[in-house]
Amino acid sequence: MEQPGPSGSLFSANTASFQDAVRALNTLQTNAGYLEQVKRQRGDPQAQLEAMKLYLARSGLQVEDLDQLNIIHVTGTKGKGSTCAFTERILRSYGLKTGFFSSPHLVQVRERIRIDGQPISPELFTKHFWPLYRRLEETKDSSSYVSMPAYFRFLTLMAFHVFLQEKVDLAVVEVGIGGAYDCTNIIRKPVVCGISSLGIDHTSILGDTVEEIAWQKGGIFKRGVPAFTVLQPDGPLAVLRDRAQQISCPLYLCPPLEALEEGGPPLTLGLEGEHQRSNAALALQLARCWLQQKDYRGIGELKVSRPSLLRQMPLAPVFQPTTHMRHGLRDTEWLGRTQVLRRGPLTWYLDGAHTASSMQACVRWFRQALHRRQRPSRGSEVLVLLFNSTGDRDPAALLKLLQPCQFDYAVFCPNLTEVSTVGNADQQNFMVTLDQVLLRCLAHQQHWSRLDEEQAGPEPGEPTSSLLAPHPPEPRSTSSLVFSCISHALLWISQGRDPVFQPPSPPQGLFAHPVAGSGAGVLREAAAIHVLVTGSLHLVGGVLKLLEPALSQ
């Protein structure tokens, strides 16, 4: 059977490649475009949910069909992806066939739809993509504004189709943005819901205060469906409590992980960082509740049988984690979150922190990791920051939180692996131009320079606005550089010393700038180089694509 591809061209189902499917998907807008669309439609957010139900119907499903998926629905500002990863891995350790829908992807779009912890194969992606794309194309009507769904909506629909057709036992579904009006919220009967730590993010859509954001997140609560959250500040916690009461949703507060560890061996987490303990505590409750609702045995013996209250909310059960739960937490992997890659003299620290609270956690993790490191017996150590920030985040606030790390070099670049992304559909972003993203990187460099000046005292003046503008030399200040893409930044940082990242020789003149030239010598001679990559999950994804080529296979 032939199926329409992008721009009306025809592909046969068995010859249309994965890259063809991704290119067609990219024509449905990127996340940046979706955010702009949501901002414009903010006056009637309920209409977005109704539109999503219509897309679902046009795709051949009804909302009732989603009840078969036994969904665990999770939102939050920070840690929602890690919570989902822990939850999925715990339930998989019970021998269940799991589906997992998350966003964004780091290297390939198929990472967003996982079965049994693995991204669906290019073949499976292609198999499910074209029938859905065709069905939605055929039911378009330009005269009545019945259109194709935007990028994230399409992937949400596709995840539901994949999970139903591949007959998963359960699906862990991560909310895209917010909760109440997120397109995943057409789910009407999840088994259990979870809310991870709340903070400030996507303010142009969700509101300017944590209380407003809490109201949006609480929108995933459903009548009679148990929900769990971690300890939050009083204001947002009160909003969640009131929202749950209005909806008649039983909401429980998770006890800390220490309470579950008491009287047994400590729990080992597959994800590094103290902040992951809160995510693991929530995941344990979500997994146990799901098992309980589905009448599974061996779900952990209760330690405290009497219900107790905290902040006027019932505490979730304190129980002894089972062997399956312990193994699940230990074996959890979630790329790009508190991830460490050790490569010869280089150690890469990857964390997609992009809010103030997640950046605080990232800095804490990075500094603790440095404190524990084995220092070289001779030679110097160099600390490098690789940073980018996108959307409506406040880069100056994020950079200020990074200052205490005392980097020797701060490097800024866009979320583009190469200057040209031709032939690399997973990295394409049709919503921004190279000029726009480079100007933003130069603004980040200027923020950093100002923060350096404030720390150093006397004002040494502004950096030049060339593409590789350094911070003016100043005692104990950070030299800063801007590169036009991730691969150029990694070329300079690694100086050919990463045994895996061995690209062709750099373009002529790439290191001609005085700071790039002198820094190259320092990096070549250093006994150890510690690189923190943060500020954007898309940046982390681009770095992983280059440092871990197997992820692109």
Side-chain angles (χ1 to χ4, degrees), residues 341-350 366 379-389 399 402 405-421 427 434 437-449 452 463-473 477-536 538-549:
L341 292 175
R342 291 182 175 85
R343 303 281 186 73
L346 285 128
T347 306
W348 303 90
Y349 302 82
L350 308 166
F366 178 63
S380 63
E381 289 188 289
V382 180
L383 264 59
V384 181
L385 169 67
L386 179 57
F387 179 90
N388 193 33
S389 177
L399 290 168
L402 286 158
C405 297
Q406 296 189 302
F407 294 101
D408 299 296
Y409 296 96
V411 178
F412 304 96
C413 70
N415 297 340
L416 302 166
T417 49
E418 310 287 345
V419 175
S420 167
T421 57
Q427 295 286 324
L434 186 58
V437 292
L438 284 175
L439 282 170
R440 182 146 183 153
C441 292
L442 289 164
H444 295 160
Q445 185 191 41
Q446 286 163 354
H447 285 312
W448 186 263
S449 299
D452 247 7
T464 59
S465 58
S466 67
L467 200 55
L468 290 173
H471 183 289
S477 71
T478 308
S479 295
S480 61
L481 296 164
V482 172
F483 288 95
S484 57
C485 65
I486 296 169
S487 66
H488 289 177
L490 296 193
L491 269 167
W492 182 78
I493 292 167
S494 64
Q495 291 296 316
R497 301 181 73 192
D498 184 306
V500 177
F501 178 65
Q502 293 288 326
S505 54
Q508 196 174 359
L510 184 64
F511 304 153
H513 194 279
V515 169
S518 63
V522 171
L523 291 163
R524 277 195 297 268
E525 297 299 319
I529 304 164
H530 301 275
V531 189
L532 175 62
V533 182
T534 192
S536 163
H538 297 286
L539 172 67
V540 167
V543 169
L544 271 174
K545 181 179 173 63
L546 296 171
L547 295 184
E548 293 274 43

Ignoring hydrogens, what is the shortest heavy-atom contact between [X] and [Y]? Give both atom names and the distance.
X: N415; Y: H538; value: ND2-CB, 3.4 Å
X: L383; Y: C405; value: CD2-O, 3.4 Å
X: W348; Y: V533; value: CE3-CG2, 4.3 Å
X: N388; Y: L539; value: N-CD2, 3.5 Å

Return the set of residues passing side-chain hydrogen bond (donor to acceptor under 3.5 Å, both in side chains) with [X] (not counting sequence neighbours), or none when no residue passes.
X: T534; value: none
X: R343; value: D498, E548
X: S487; value: E418

From CA spacing to verdict: side chain to side chain contact (heavy atoms under 4.5 Å, CB included), L346, I493: CA-CA 9 Å; L346 285 128; I493 292 167; 4.3 Å; yes

Hey, are the side chains of Y409 and V522 touching, using non-hydrogen atoms and a 4.5 Å cut-off? yes

V500 vs L341 side-chain heavy atoms within contact, under 4.5 Å: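 The answer is no; the side chains never approach within 4.5 Å.
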
Is Q508 atom CD crowded by more than 12 heavy atoms from other residues, nucleotides or ligands, each under 6.0 Å away?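 At most 12 heavy atoms, drawn from other residues, nucleotides or ligands, come within 6.0 Å of this atom.
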
Contacts of A526 meeting side-chain contact (heavy atoms from CB on, under 4.5 Å) (sequence neighbours excluded), chain-then-number -> S380, V382, R497, I529

Among C485, C413, P414, exactly one meets side chain to side chain contact (heavy atoms under 4.5 Å, CB included) together with L438. Which residue is that? P414

Mind checking what makes ring-ring contact (aromatic ring centres under 6.0 Å, His included) contact with F366, not counting sequence neighbours?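 If we apply the ring-ring contact (aromatic ring centres under 6.0 Å, His included) test to F366, skipping adjacent residues, the hits are Y349, F407.
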
Checking H488 now: which residues fulfil ring-ring contact (aromatic ring centres under 6.0 Å, His included) with it, not counting sequence neighbours?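 H488: no ring-ring contact (aromatic ring centres under 6.0 Å, His included) contacts found.
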
Please collect all salt bridge (Lys or Arg N to Asp or Glu O under 4.0 Å) contacts where either partner lies in residues 512-530, sequence neighbours excluded, each pair once. none

Enumerate the residue pairs fulfilling salt bridge (Lys or Arg N to Asp or Glu O under 4.0 Å) with a member in residues 438-449, sequence neighbours excluded, ordered by first and then second residue. none

Would you check if the distance from the ring center of F387 to the ring center of W448 is below 6.0 Å?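 No.
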
Donor-acceptor pair, distance only, cut-off 3.5 Å: does the side chain of Q502 make one with the backbone of G496? yes

So F412 and H444, would you call those rings parallel, tilted or perpendicular, with 30° and 60° as cut-offs?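 Geometry flag for H444 against F412: tilted rings.
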
Determine whether V411 and V531 satisfy the following criterion, side chain to side chain contact (heavy atoms under 4.5 Å, CB included), listing intermediate values before the conclusion. CA-CA 10 Å; V411 178; V531 189; over 6 Å; no

